[in-house]
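Below is one structure, written out as structure tokens; comments come after it.
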Amino acid sequence: MDYRPSEIEPKWRTYWKEHKTYAVHTEHSKPKYYVLDMFPYPSGAGLHVGHPLGYIASDILSRYKRLRGFNVLHPMGFDAFGLPAEQYAIDNGIHPADSTRENIARYKQQLDNLGLSYDWDREVQTCDPKYYRWTQWIFLQMFNHWYDTAADKARPVSELVEYFKINGSAGVQAATTFEGSFTAAEWNSMTVREQQDVLMNFRLMYRKVGYVNWCEALGTVLANDEVINGVSERGGHPVEIKPMLQWSMRITAYADRLLRGLDTVDYPDGLRMLQSNWIGRSEGAQVFFDLENTGKKLEIYTTRPDTIFGATFMVLAPEHDLVDEITTEAQRGDIKNYLDWVKSRTERERQIEKVVSGAFTGAHAIHPFTGAKIPVFISEYVLKGYGTGAIMGVPADDERDLRFAEKFKLPVVHIVDKSMYPGAGMEDKVGKMINSDFLNGMEVLEAIQEVINRLSEKGIGKRRVQYKLRDANYSRQRYWGEPFPIIYDSEGIAHALPENELPLELPHTTEFKPGGGKGPLAQLSHWANLPGGMERDTDTMPGFAGSSWYFLRYMDPKNDQEFVSAEAIGYWQDVDFYIGGAEHAVGHLLYSRMWHKFLYDKGLVMTEEPFKKVVNQGMIGGKSNFVFRANERFFEEYLMIKVLQPFFAEEGPIKIAQTDLEEDSTYDFAFGANDLVIEVTSIKQVDKIERVRKTAAADNKRLLLLYNEELSDNINEPELVAQKIRRALNSRDNFIATSETPRSEQLFVSCSLTGKYSPDVFTKLHVDVNLVDNEVLDLEKALSRTQFRNANFKIDKEHGSIYLCSTELEKMSKRYANVVNPDDMVALYGADCFRMYEMFLGPIEVSKPWDTKGITGVSGFLKKFWQLFFNGELFIVSDDPATKDELRVLHNCIKKVTEDIERFSMNTCVSHFMIATNDLRKLNCSKRAVLEPLTVLLAPFGPHIAEELWSRLGHSGSVCDATWPEWNEDYLKSDTKEYPVQINGKLRATIELPSDITHADAEAAALSLEQVQRWLEGKQPKKVVFVPGRMINLVV
RNA sequence: GCGGGAAUGGCGGAAUGGUAGACGCGCUGGUCUCAAACACCAGUGACUUCACGGUCAUGCGAGUUCGAGUCUCGCUUCCCGCACCA
């Protein structure tokens, strides 16, 4: 029988569902393997062929691991809270819960269509209260913990309180935003409110006034990674910096562990680098400068303390706390003007036009070693958020400082002699110190150590490690997210809801617009205001909250006592293989690593890192197709080129008017030896037609009107127009125009013909790629689309009367009409074929374009593979023993496929299947001994066809429970080998030799070859390189 | 500007330092067919030669090696991150 995927595939999908083939349970007798796809956000657009790339690859790996005896966890779920659904609700009035539910249903149906082996009983959705109950719970755990930098782990806040009672703040080593100190007595005499304010600065989830990315258009605060080039990632709206009281996640406490952990995991180099840069560790020194006449100290951070003798000015960030205090009366005007200017600049302007700007505060700092007075400036090139928000300006050793010094005419003191290091840049840490007192003569690296020692001795500075990483903003003024399980009392103190009140469910509303800097929840006063003057937090958690721990929930998704049971986490441990797009490199992957480390500190998970191995899949680009719409001007050119040429000879030269839009007195064409003139125009240009008609009458000319629309209707028969012109020439009529109403509204010209016309007579438009096959537009299908209503097509007759489109590679997107839906591919070729073709396109990690036409190759392969089992309707698999050749084909395939899956090279696996199938066809092999192992081998790639053939081979269970075949090297050897014979490394001959030939015999055999002798020209080779099983090289 | 990655036929892509271009698409020719589609067979890097064959070919230029797409150095182009991080 024929291979009919549309019949066998639904059958097996039903079988899997009914038999719960993919249900996973804790089985201690088997080793575990956890394969995870990055959490999809179920967008309204559904899946296109780019999305399943990773899902298919991970599915193949899962099925393979299962066949190799692993207990494989391969779950799927949805990151279901988020902005798009809420934006959709604002725009269309559909509640996010409803649109999300629909989108998820569509996603699941599309995923199932691909035969993916998910255990749907483990599905999680972040917007499900049963799930976000535990997101809230983890939030509260973080709220109730602080980070002890001495122990290098999170500890309960209650322990910190005990410590404060006895010791005050002395000796506490913590990741904290608290500044200052207190004694035990001071602590004990503080009010509750004061104590809570202190503690808030230690919590891992804490509230602070932060400078946040405020987006007016979206009405919300955005995380750093949601802001691209100063505008919002979604929508591209402008973003400004604004102070706001927000929840913050103290990820900086884990900066060092997040950095060090990267050495223990198997991530792509690019990803590792990205995270490492994002964390941005730098070593340097914190230095205090006295401020003249104020008794105040200015704290700066520098990675180059060695250059301190080159410091000729100081610069504060415009938002620095000291700015107001230290500005002198004389400079107050300047500073105010500058601050106003800075405020007026959007984040985007700041990033794009980097102008050197600043203002003098009038204050001076005192150099700690020389006692010199150093002027203090403010400038936007110093950022409030990094280091201490203040720097020492060393123009001799820093480009930005130099530009600033030049602008403000500040002195430059050279402190590093780089003459020994030609080619070294200004900021390279090499050279000998000069003009630097006790540092003179030292190498830079040595000087850095020395100056830090001196600063420490004087008590005005110390070594400090600084991170670029910022604490993550954790509040969103939005509706569609997890509500905070926090209530505030009348004093504004934050209290955690008791655990038994979780989940705090998101209240229902129909009003989703944010307002006044507050989210929609703030408007639900019945919900937000509690008896006794207590108020709820009305913000919601950010998108990364739910996705930072979902992979743990899959281990134990139904547990209503714990976020995950100790038993489940003990067995499943962590994710062995994680695949997804590189866009999550610094957001999701960093946040979930941090949450995992926190849970690890609590003893709730077993490993410090959540993901052992991460693979980034490449993007699949779209191939856009274009059609060429003819503009008005096209028809004149067309008439000239295709119709009027023959009339030249007969009727004398044809005068062609210039552009006739303005000139009433000229026509498009006029004949030299005939009083006929021709005007080409759209039938819609009634005024113009009337005008030309009058002009012709006045000129005593006979007028032939040709409408663009009528030319368009007959575009593929120019002779008809020629006949019309001929009749007009011979007639006596003064005015000739068609009386019929042309149907055409627009004309499209085949790409292959556009070269004959001026490029500007066409408009290039996207056309749905689903109407195009191999660049040829399906005219019948196209005419049924509104884009081509009443359209005519000028077809290419030379290439078979077809309409050709041009192509370009673009992102796959609805906007470019180049989206290919996997459902359509499955309907046409089957899921197995689609899966294998996705893999066949190329390496998973590489971005590549989708091209549907190549899929026939895979389709052909599956048909051929099927035909190994069938002759017509007859199942022809025999139990005859396999021949040596057949076994070699089989075992070679087992070896290659096994090795290639292990190194995640799925594209070459598909090639190996094709090679094996082609070889077996040539050998006419239909033997069970060969086909049965091959079926198992194929099962991870084409699960439906494998199930069908497996059952035809007489097995009752699923092929998923078969055993992966092992290869035997003995079968791979052949008796002879065709050796290449090289002379000086160039191939000159080949020779068939026994595989186990000795060097001497091989050399003799090679030398005996006629071609070799000809190349040697009688000389003896100087040296003979012989690589057994590889090649022979004669060096002359 | 900084950091990372990539570059191989018309296209997607193969190649533990060892016969470059596997496999597939496309294209050309053939068989089948009234015809087309499907299917099957053969060919397909460029140049050159009647042919045998030869020459040149993995972005460019050097180097290491008996031998380089692969290793080293320099350059070009493209893609992706980051971007006043002190």
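The analysis underlying the following values was restricted to heavy atoms, covering all of them including side chains, and did not include hydrogens, waters or symmetry mates. Just so it is clear, the structure is predicted and the values come from calculations on it, not from any experiment.
Contacts of A/Trp1015 with the nucleic acid, taken as non-hydrogen atoms under 4.0 Å apart, involve only primed sugar atoms and P, OP1 or OP2. Across all strands shown, A/Arg988 has heavy atoms under 4.0 Å from sugar-phosphate atoms exclusively, and none from any base. Across all strands shown, A/Met1031 has heavy atoms under 4.0 Å from base atoms, whether or not it also approaches the sugar-phosphate. A/Asp269 comes within contact range of no nucleotide atom at all, as no heavy-atom separation falls under 4.0 Å. Counting any heavy atom pair closer than 4.0 Å across all strands shown, A/Arg921 reaches sugar-phosphate atoms only and no base atom. At a threshold of 4.0 angstrom between heavy atoms, the contacts of A/Glu399 with the nucleic acid are absent. No contact: A/Thr388 has no heavy atom under 4.0 Å from any strand. If you check every strand for non-hydrogen atoms under 4.0 Å, A/Asp401 touches nothing. As judged by a 4.0 angstrom heavy-atom cut-off over every strand, A/Asn1033 is placed among the base-contacting residues. Residue A/Arg281 is classed as having no contact, given no heavy-atom separation below 4.0 Å to the nucleic acid. Heavy atoms of A/Lys864 sit under 4.0 angstrom from primed sugar atoms or phosphate atoms, though from no base atom. Here A/Lys848 lies in heavy-atom contact (under 4.0 Å) with sugar-phosphate atoms only.
Between A/Glu978 and A/His912, the residue anchored nearer the 5' end of RNA chain B, judged by the nucleotide with its closest heavy atom, is A/Glu978. Across the interface with RNA chain B, nearest-nucleotide mapping of A/Asp900 and A/Met914 shows A/Asp900 to be the residue nearer the 5′ end.
Contact check, A/Arg400 against B/C85: a side-chain N or O comes under 4.0 Å of OP1 or OP2. Phosphate contact (OP1/OP2 of B/C2, side-chain N/O of A/Asn277, threshold under 4.0 Å): absent. For B/A86, the OP1/OP2 oxygens have a side-chain nitrogen or oxygen of A/Tyr386 closer than 4.0 Å.
With rounding to whole Å, A/Asn892 atom CG is found 14 Å from B/C23 atom C1'. Atoms CG (A/Leu1034) and P (B/C66) sit 15 Å apart, rounded to a whole Å. Here the C1' atom of nucleotide B/U55 and the CD1 atom of A/Ile983 are 16 Å apart, to the nearest Å. Atoms CG (A/Asp398) and P (B/C84) sit 13 Å apart, rounded to a whole Å. Rounded to whole Å, atom P of B/G12 lies 15 Å from atom CH2 of A/Trp850. If you measure from atom CG of A/Asn984 to atom C1' of B/U19, you get 16 Å, rounded to the nearest angstrom.
Considering only the side chain of A/Lys468, B/C85 comes nearest among B/G13, B/C85, B/G3. Residue A/Phe840 places its side chain closer to B/G12 than to any other of B/C82, B/A14, B/G12. Closest to the A/Met273 side chain, of the nucleotides B/G18, B/G13, B/G4, is B/G4. Listed candidates were B/A15, B/G13, B/G3. Nearest to the side chain of A/Pro843 is B/G13. Of all nucleotides listed (B/A15, B/A39, B/C85), B/C85 comes nearest to the side chain of A/Leu383. Distances were taken from every side-chain heavy atom of A/Lys986 (C-beta onward) to each of B/C56, B/U19, B/G18; the shortest belongs to B/C56.
A donor-acceptor contact under 3.5 Å is formed by the side chain of A/Arg1030 with the base of B/U16.
Remark: A/Glu899 does not engage A/Arg903 in a salt bridge, criterion side-chain N to carboxylate O under 4.0 Å. With respect to the salt-bridge test (charged N to carboxylate O, under 4.0 angstrom), the residues A/Glu299 and A/Lys297 do not qualify. Classification of A/Glu838 and A/Lys848 as a salt-bridged pair fails, no side-chain N sitting under 4.0 Å from a carboxylate O.
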Check step by step if ring-ring contact (aromatic ring centres under 6.0 Å, His included) holds for A/Tyr837 and A/Trp850.
-> CA-CA 10 Å; A/Tyr837 183 56; A/Trp850 175 264; 5.3 Å; yes
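Closest approach of A/Thr388 to A/Ile300, counting heavy atoms only: OG1-CA, 3.2 Å.
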Using a cut-off of 4.0 Å between protein heavy atoms and nucleotide atoms, how would you tag nucleotides 43-48 of chain B 5' to 3' with B, S and -?
-> ------
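Aromatic ring orientation, A/Trp866 versus A/Tyr3: tilted (interplanar angle from 30° to 60°).
With a 6.0 Å radius and a threshold of 12 heavy atoms from other residues, nucleotides or ligands, A/Glu969 has its CD atom above the threshold.
Partner assigned to B/G26 is B/U44, using Watson-Crick or G-U wobble distances below 3.5 angstrom.
Taking the P atoms as reference points, B/U72 lies 15 Å from B/U64, given to the whole Å.
A/Ser624 and A/Glu810 are linked by a side-chain donor-acceptor pair at a separation below 3.5 angstrom, with hydrogens and angles left out of the test.
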